[in-house]
Amino acid sequence: MLTEALKMETTSSKSSSSSEEEKKKLLKKKTETQTQTEKKALGWMEWLRGWFYVVYEMLFQRITASHLQNPMPLPHLNELTCIVTGSTSGIGREIARQLAEAGAHVVMAVRNTKAAHELIQKWQSEWTGLGLPLNIEVMELDLLCLDSVARFAEAWNSRSGPLHVLINNAGIFSIGEPQKFSKDGYEEHMQVNHLAPALLSVLLLPSLVRGSPSRIVNVNSVMHYVGFVDTEDMNVNSGKRKFSSLLGYTSSKLAQVMFSSVLFKRLPAEAGVSVLCVSPGIVHTNVARDLPKLVQAAYHLIPYFIFSPQEGARSTLFAATDPQIPEYCELLKSDDWPVCAFISHDCHPTNPSEEAHSTGTAHKVWEKTLELIGLPSDAVERLIEGEDIECKYGTKQE
């Protein structure tokens with residue numbers, strides 16, 4: 001049923017918007033450079049449309065996802081190896097547990113390894129399926145330290161084994177907190193939500209190619225619809241914009257979509273690596289204090305409107321395991337669709353924000369990101385060809 005819905009949604013969404021999108025793209029190409037140098041923020045119509053999507057998803061996500069089972073039924077995954085970041089709490093914990101129970105070899109890539117080991121012990125004691133223990137291991141990964149990210153990738157690639165699914169789930173939304181910077185010098189939302197996952201995704205390409213057909217699944221957010229990325233001020237420290245946690249979060253999530261779109265385009269079909277973003281929906285958290293009054297009011301109706309972590313994990317599990325995802329991603333690439341695949345909370349393909357379609361900005365985000373994470377501009381091509389690359393971070397530079 002889900003695969004049929006995927007196919008139907010793909011056809012309807014592309015046919016209904018293709019002619020309009022072609023016109024928009026032609027106009028954008030003519031004015032891309034001029035417009036982008038002048039654009040300082042979202043236009044008010046874009047901003048209103050963005051908040052409409054956010055509020056609509058909050059109010060109606062339970063209805064639109066009512067066809068989904070909870071928990072999400074998964075096929076047997078005994079042949080898959082999956083890395084899940086941020087898997088000791090929330091959505092990530094549900095993703096890791098359910099993948100392992102379906103038979104996958106799951107690597108919990110986390111900062112708190114003690115908590116991860118305690119979870120594994122709990123899951124093993126509760127697990128009664130097939131008489132076999134869950135195949136889970138723990139590896140340390142701190143997304144606030146790019147050296148840690150590079151060391152993780154080096155350690156994993158040194159195994160010379162396949163990686164079938166990388167799930168970049170870990171993220172932060174530091175509501176009401178003052179602006180903070182990592183020891184690498186980057187604004188924390190931008191580093192944890194975008195820069196570190198980007199570095200991890202690129203450095204793990206050799207293992208993903210060995211595991212092809214493989215997937216990079218980025219747990220994104222409907223909040224990217226109100227995001228805007230200033231590539232000359234990704235740290236939001238130039239004084240041009242006043243920092244807020246909402247600004248940090250939304251811009252980092254949009255940057256992730258844009259980077260994923262360019263990576264998706266640069267990977268050749270023969271590499272066999274799909275790249276996509278997913279929205280888990282609005283999941284039960286304490287993020288309401290920094291949101292508009294209307295959204296805050298909706299949070300008071302949490303028992304009905306807001307997803308539990310188990311419900312929020314469904315779109316990611318679908319994106320990580322559904323057999324038609326690689327075909328869908330290649331369809332978008334062959335049709336020259338400007339953005340990567342984006343799966344909504346209801347496990348249907350959806351269209352990222354209008355700003356995400358700005359190919360000029362997306363390529364600037366790509367170039368700036370590679371510069372910030374210390375990778376050469378041709379890193380993807382060289383890694384796909386099996387060459388070594390120099391990275392600013394990791395054990396070799398210590």
Side-chain angles (χ1 to χ4, degrees), residues 1-15 68 72-85 95 98-99 102-107 161-169 197-198 200-202 204-220 256-257 259-280 313-352 356 380-381 383-385:
M1 182 181 294
L2 289 176
T3 54
E4 292 176 1
L6 176 61
K7 187 178 294 184
M8 290 175 61
E9 185 73 16
T10 302
T11 304
S12 61
S13 63
K14 290 177 68 63
S15 61
L68 299 178
M72 169 77 72
L74 298 177
H76 293 297
L77 304 175
N78 303 69
E79 304 299 320
L80 291 190
T81 295
C82 309
I83 292 175
V84 185
T85 68
I95 292 168
Q98 292 184 53
L99 288 174
H105 170 208
V106 175
V107 180
L163 174 61
H164 303 100
V165 184
L166 169 63
I167 299 178
N168 289 310
N169 161 77
L200 185 64
S201 299
V202 174
L204 287 177
L205 282 175
S207 294
L208 286 161
V209 171
R210 283 193 291 269
S212 66
S214 57
R215 312 174 191 196
I216 299 171
V217 181
N218 297 309
V219 180
N220 200 261
Q256 184 180 60
V257 177
F259 184 89
S260 300
S261 297
V262 179
L263 177 60
F264 158 72
K265 287 292 187 180
R266 294 178 77 101
L267 287 170
E270 55 270 22
V273 183
S274 301
V275 183
L276 60 158
C277 293
V278 303
S279 169
R314 292 178 299 190
S315 56
T316 302
L317 290 168
F318 173 79
T321 62
D322 188 87
Q324 287 193 349
I325 288 293
E327 178 186 349
Y328 174 61
C329 289
E330 284 307 310
L331 175 65
L332 294 184
K333 185 178 291 187
S334 64
D335 285 356
D336 201 28
W337 189 245
V339 291
C340 66
F342 196 100
I343 305 299
S344 187
H345 65 280
D346 58 0
C347 297
H348 286 164
T350 192
N351 203 356
V380 170
E381 290 76 12
L383 287 170
I384 292 296
E385 293 298 323

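From a predicted model like this one, the values you see are computed outputs, not experimental measurements.
The shortest distance between side-chain heavy atoms of L99 and L80 does not fall below 4.5 Å. For the pair D322 and I343, the minimum side-chain heavy-atom distance is 4.5 Å or more. Side-chain contact check for L332 versus F264: some heavy-atom pair is nearer than 4.5 Å. Looking at heavy atoms from C-beta onward, T85 lies out of side-chain contact with P197 at the 4.5 angstrom threshold.
Applying the side chain to side chain donor-acceptor pair (under 3.5 Å) criterion to S279, with sequence neighbours excluded, gives E57. Under the side chain to side chain donor-acceptor pair (under 3.5 Å) criterion, K333 pairs with no residue at all, not counting sequence neighbours. Applying the side-chain contact (heavy atoms from CB on, under 4.5 Å) test to P213 and every residue at least two apart in sequence or in another chain returns nothing. The side chain to side chain donor-acceptor pair (under 3.5 Å) check on N169 picks up nothing, with sequence neighbours excluded. Residues meeting the ring-ring contact (aromatic ring centres under 6.0 Å, His included) test with F342, sequence neighbours left out: H224. S260 pairs by the side chain to side chain donor-acceptor pair (under 3.5 Å) definition with N218, not counting sequence neighbours.
Using a distance-only test at 3.5 Å, with no hydrogens or angles considered, no donor-acceptor pair links the side chain of D335 to the main chain of W337. Looking at S214, its side chain never comes within 3.5 Å of a backbone N or O of V165 through a donor-acceptor pair.
Considering CG of L267 and OG of S212, their distance stands at 11.0 Å, rounded to 0.5 Å. To the nearest 0.5 Å, the span separating NZ on K265 from CG on L263 amounts to 12.5 Å. Atom-to-atom distance recorded for L77:CG and L317:CG is 9.0 Å, nearest 0.5 angstrom. Considering CD1 of I95 and OG1 of T316, their distance stands at 4.0 Å, rounded to 0.5 Å. Note: H164 NE2 to H105 NE2 = 11.0 Å, rounded to the nearest 0.5 Å. L205 contributes atom CG, which lies 5.0 Å from atom CD1 of I384 (distance to the nearest 0.5 angstrom).
Contacts classified as salt bridge (charged side-chain N to carboxylate O under 4.0 Å, His left out) and involving residues 208-218 (residues at least two apart or in different chains) are not found. Applying the side-chain hydrogen bond (donor to acceptor under 3.5 Å, both in side chains) rule to pairs touching residues 266-277 yields R266-E381, sequence neighbours excluded.
For the pair V278 and A319, the tightest heavy-atom approach, listed with the atom from each and the gap, is CG1-CB, 3.5 Å. Contact between G211 and P162 at its shortest, heavy atoms only, is CA-CB, 3.5 Å. Considering all non-hydrogen atoms of both residues, F259 and A198 come closest at CE2-CB, 3.6 Å.
A salt bridge is absent between D346 and R314: the closest approach of a Lys/Arg side-chain nitrogen to an acidic carboxylate oxygen does not fall below 4.0 angstrom.
When the options V217, I167, V219 are evaluated for a side chain to side chain contact (heavy atoms under 4.5 Å, CB included) with V84, the one that passes is I167.
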